[in-house]
Amino acid sequence: MKRVHVHLARAIEQALVQMGVNAPTVTLEKPRDAAHGDIATNAALVHSKQVGKPPRQIADALVSTMQLDPRLVKCEGVAGPGFINFRFADAYLQSIAELAFKTKDSYGTTNDLSGKRVLIEFVSANPTGPLNVVSARAAAVGDSLTRIFRALGAECYSEFYVNDAGNQVELLGQSVLARYSSILGRESEVPEGGYHGEYISEFAQQLVAEHGDKYLKMEPSVAAEQLGRMAIERHIEMHRKSLEHFRVTMNQWFRESALRSSNAEWEAFKVLEQRGTIFEKDGAKFVRTSEFGDGQDWVVVTSQGKPTYFLPDIAYHWDKFRRGYDNIIDILGPDHHAYLTKMAAAMSALGEDATRLEIMLLQHINLLRDGEPVKMSKRAGQIVEMDELLDEVGIDAARYFFLLRRTSTPLDFDIELAKRQSDDNPVFYVQYAHARIESIFKRGEVDAPQRPQHLELLTHSEELTLLRRLRELGDVMNECAFSRDPHAMTVWLREVAAQFHRFYHHCRVLTTPAELQTARLCLCRATQIALQRGLALCGVSAPTEM
RNA sequence: ACCCCCGUAGCUCAGUGGAUAGAGCACCGGCCUCCGGAGCCGGGAGCAUGGGUUCGAGUCCCGUCGGGGGUGCCA
């Protein structure tokens, strides 16, 4: 899909060399205003100083020197301070439809990132309860990003870090034990900072039904420990199921407990110590992160001799570094903003190249119902579970809505809007365009074309504009990967759908002369392929009727 | 106190340092003997603020104001 750009850049470079420029740098950009054409270059402005002539004069010279392939691109002349504008040749745009037929399910796939190894860690919710809607946004974003990276040829892995060790396991066990004891008639309180959710009571009920008062007869601390472990495993399984249902499959579930049993945290500590980056103060052990770009030093071992959460986290990230990825991406909630400098400093302290680590902060979501905020309070156990949301609005709407805003922006998720079957629902609007195309084939009693034919007849401006849109998929994928944000895909999908409706309104498909009808049916089919592909990268289905 | 994110149209948001800043809702005005009107065509209105960097800034840097969130040997 880049062949026009490659051709054009080369032609401009050669023309510049002929004018005496050595090692010219040519950048091509998309003009903001479509009236200026499809591609523009500022080459004349950039090289003005070196050539020693005003930009417009250079631009004129370039235009007359350049050798362009008329089947790919044509020059539209010089504009403004010295921009040179170009427009795709009709033949090239028509070939986009041909490409869609040829590539089908892999339309837009490139090898732009082939050879890159990328790891994306996301969700990583604590296994102390079911997944809530906060995790759902991370799941949608992380999984879509993974799909996009793969479509660009990268070797991309998704990973869930499971915090199945530490204080919270005990606390969880005590919480379960408290509920369990209450059911069996022994009054007991959920401990300070414990878990109050409905799911705890449900689990306790289940335990009573299956095991009777078995755990009441045990030493309470032993019972709590065992119950905590069981609850953790139960929750991990719930997480896995919820994510699978949400069309998210993790390549790896990395357990903190495995890290601990292999002593990896102390190994990391030892190396930090050997590198002279550990010091003691008030009985606690600090890592000298301030020497590696952070504003302060952090405790890794408390004065009680216990590791803080930071130490296993360091060990975990070190493990990821040593697995040899080019990019190690963490998608975290906005409360982790201090994490990047902190963790990057720790990695530097271990002697790693910390620039490989990226922390993406995903802003929160506000659930709305008809514009009114839905109250969420974790403390009171009134969290909205991910599964509840999916049951209500459906997977397609949920996945798409979570991508509608940039990750750096808080997201208002209106439940009623997501359920609405009308064009103000963005996911509906896009899926509708896809279904509408299908209905054209049905209505015309024609099968969807299997191969491209008569594409040269697609010369109407709405047809060509639609083809332009379809061409952009590869660009959009690259943009998403570069910004680590799949949001741009939803913008593109909406524009493709809108342009399809425009084309459809202006150009009759059925009841036109046979060859033109065939050509337009091909364009419809190509649009379907592109929509399917864009939706698939978002993890959203493309229904044929609705 | 410190840190992070965000201030673009009435509202929700787009906008890889480039030309006259774009959509969708909402509002106003058109278009159904016509393949799905769940659509199409047209209209008004905007970069919080003060500096700086640059040939060129909504975009990069610093300050101010406003909104949201977070933090101190818990995870």
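All chains are named by letter (A, B, ...) in the order of the sequence lines, taking the proteins before the strands, and each is independently numbered beginning at 1. Side-chain atoms are counted along with the backbone in the values below, which use heavy atoms only and exclude waters and symmetry mates.
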**Report entry** P gap between G63(B) and C2(B), integer Å
**Finding:** 11 Å

Requested in this report: Rounded to whole angstrom, note down the C1' distance from G58(B) over to U16(B).
Outcome: 14 Å

Report task. Starting from the C-alpha separation in whole Å, work towards a yes-or-no answer on salt bridge (charged side-chain N to carboxylate O under 4.0 Å, His left out) for E233(A) and R229(A). Result -> CA-CA 6 Å; E233(A) 293 307 318; R229(A) 211 139 287 291; 5.7 Å; no

Query - Between C1' of A23(B) and CD of E472(A), the distance in whole Å - result: 14 Å

Query raised in the report: Counting side-chain heavy atoms from CB outward, which of A38(B), C40(B), C13(B) is closest to Y429(A)?
Result: C40(B)

Query raised in the report: Within this structure, what is the NE2-to-P distance between H501(A) and C34(B), rounded to whole angstrom?
Result: 20 Å

Report task. State the pairing partner of G39(B); accept Watson-Crick or G-U wobble contacts with both distances under 3.5 Å, and report none otherwise. Result -> C31(B)

Requested in this report: Assess the side chains of E29(A) and N42(A): does a donor N or O sit below 3.5 Å from an acceptor N or O?
Outcome: no

Query raised in the report: Say you pick atom C1' in G68(B) and the same atom in C74(B); how far apart are they, in whole Å?
Result: 24 Å

Can I get a per-line list of side-chain donor-acceptor pairs under 3.5 Å for residues 401-410 of chain A, giving both atom names and the distance, sequence neighbours left out?
unit_1  : atom_1 : unit_2  : atom_2 : d
T407(A) : OG1    : D485(A) : OD2    : 3.2

Query raised in the report: How many Å lie between CD on E170(A) and P on C74(B), as a whole number?
Result: 14 Å

Report task. Kindly check if the number of other-residue, nucleotide or ligand heavy atoms within 6.0 Å of CD (E545(A)) is above 12? Result -> no

